[in-house]
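Here is the structure we will look at, set down as structure tokens.
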2 protein chains.
Amino acid sequence: MVTKKQSRPDIFRADCLSRDTLQLIADEWTPLVVYALEEGAMRFSQILKRIDGISTKMLTQTLRAMERNGLVQRVVHAVVPPIVEYSLTPLGQTLVKPVNMLQMWAYEHLQEVARARMAYDQSDHPPIQEETATRVQQR
Amino acid sequence: MVTKKQSRPDIFRADCLSRDTLQLIADEWTPLVVYALEEGAMRFSQILKRIDGISTKMLTQTLRAMERNGLVQRVVHAVVPPIVEYSLTPLGQTLVKPVNMLQMWAYEHLQEVARARMAYDQSDHPPIQEETATRVQQR
DNA sequence: CGGAATCCGTCCTGATACTG
DNA sequence: CAGTATCAGGACGGATTCCG
């Protein structure tokens, strides 16, 4: 758990597996799904309602990817109408803590970020196009 | 720093600022730039060389966004040829630890993920399209 | 209910070329 | 050196429709 050098192979290389793995969770929805499932197993429609703004398509994609990567388990109950439950695997559980750290960081520094943005936008810095500034903000 | 409920407002809501802030770092390059700059101030071209696979465009975009969000400081030395140095702000420094946790997670569970993928791909699960499986993998 | 499939616009991305 | 400008492609994401 220490920050010893060996824990960090060459993440700067494009073919670094570590980098590739890191990329798994560096997207818009995965962290939120981790959060949602942290509360226990959920059905598709429950997650859909829990995470405001996600479409069925994105949720399906995200869940599939997470399942493939071993983060999520998908259990189908053979009843009509079908019931499908998703839950975190043990591997997925290990993600909870790190992702939580991120979330806490976001919460704690939210105001500083907002202030920095305002300051930046008011000065005459090279203006940033909306897109690049906030990323995927157009819902 | 504790995981008390109040530290987590409704991140599931689309208009949650916390969620918005979280999104800042949930992209392909920002974590890598944080890593690179953790080692100290760097010039544009140095970062470019350090982070394998990033284009000047993406690096510029990422740095601009990070600057706007108060994570990175940009210092221009008025000489010819120009020298521009980037470094983490105090706010940016606070990101180092959480991002490090993610990186460690990635490194520690890299094999489990790889195994899960293989298992998934070999069974007859609904095959995942390349794109959704690994995301932005086509370099 | 839990998706899969399709359609389709938007945005992002990587080259390439150019500038102060 | 440190970018910006431009452009073309492809990916991404939403909405809708259909199915077991």
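Residue numbers begin at 1 in each chain, while the letters A, B, ... track the order of the sequences.
- A 4.5 Å side-chain heavy-atom check between Asn100(A) and Val34(A) finds every atom pair outside the cut-off.
- Within the model, atoms CE of Met58(A) and CG of Leu32(A) stand 12.0 Å from one another, a figure rounded to the nearest 0.5 Å.
- Mapping Lys49(B) and Lys57(B) onto DNA chain D by nearest heavy atom places Lys49(B) at the nucleotide closer to the 5' end.
- Between Arg115(B) and the choices Arg117(B), Gln111(B), Met118(B), the side-chain contact (heavy atoms from CB on, under 4.5 Å) rule is met once, by Gln111(B).
- For the OP1/OP2 pair of dG2(C) and a distance below 4.0 Å, the side-chain nitrogens and oxygens of Ser45(A) include at least one atom meeting the criterion.
- OP1 and OP2 of dC1(C) both lie 4.0 Å or more from every side-chain N or O belonging to Tyr86(A).
- In terms of position along DNA chain C, the nucleotide closest to Phe44(A) lies nearer the 5' end than the nucleotide closest to the other residue of the pair Thr56(B) and Phe44(A).
- A straight line from CD of Glu67(B) to P of dG3(D) spans 9 Å, rounded to a whole angstrom.
- If you take CG of Asp27(A) and C1' of dA11(D), they are 14 Å apart, rounded to a whole angstrom.
- In this structure, CG of Leu48(B) is placed 11 Å from P of dC1(D), rounded to the nearest angstrom.
- Here the P atom of nucleotide dC1(C) and the CE atom of Met42(A) are 15 Å apart, to the nearest Å.
- Annotation for Gln93(B): atom CD counts as buried by contact number, over 12 foreign heavy atoms lying within 6.0 Å.
- Taking atom CG of Leu59(B) as the reference point, atom P of dA2(D) lies 10 Å away to the nearest angstrom.
- Atom CD in Gln61(B) sits roughly 14 Å away from atom C1' in dT6(D) (whole-Å rounding).
- Spacing between atom CE of Met58(B) and atom P of dA11(D) amounts to 16 Å, rounded to whole angstrom units.
- Atom CD1 in Ile83(B) sits about 20 Å away from atom P in dG20(C), given to the nearest Å.
- Using a 4.0 Å cut-off, no side-chain N or O of Arg74(B) falls inside it from OP1 or OP2 of dA2(D).
- The side chain of Pro82(B) sits closest to dA2(D) out of dA2(D), dT13(C), dG3(C).
- The separation of dC18(C) from dG9(D), taken at their C1' atoms, amounts to 22 Å, rounded to a whole angstrom.
- In this structure, Arg43(A) does not reach the dC1(C) phosphate: none of its side-chain N or O atoms is under 4.0 Å from OP1 or OP2.
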Please evaluate residues Leu102(B) and Ile25(A) with respect to the criterion side chain to side chain contact (heavy atoms under 4.5 Å, CB included), reporting the C-alpha separation (whole Å), side-chain torsions for both, the decisive distance (0.1 Å), and the verdict. CA-CA 9 Å; Leu102(B) 272 193; Ile25(A) 37 185; 3.5 Å; yes

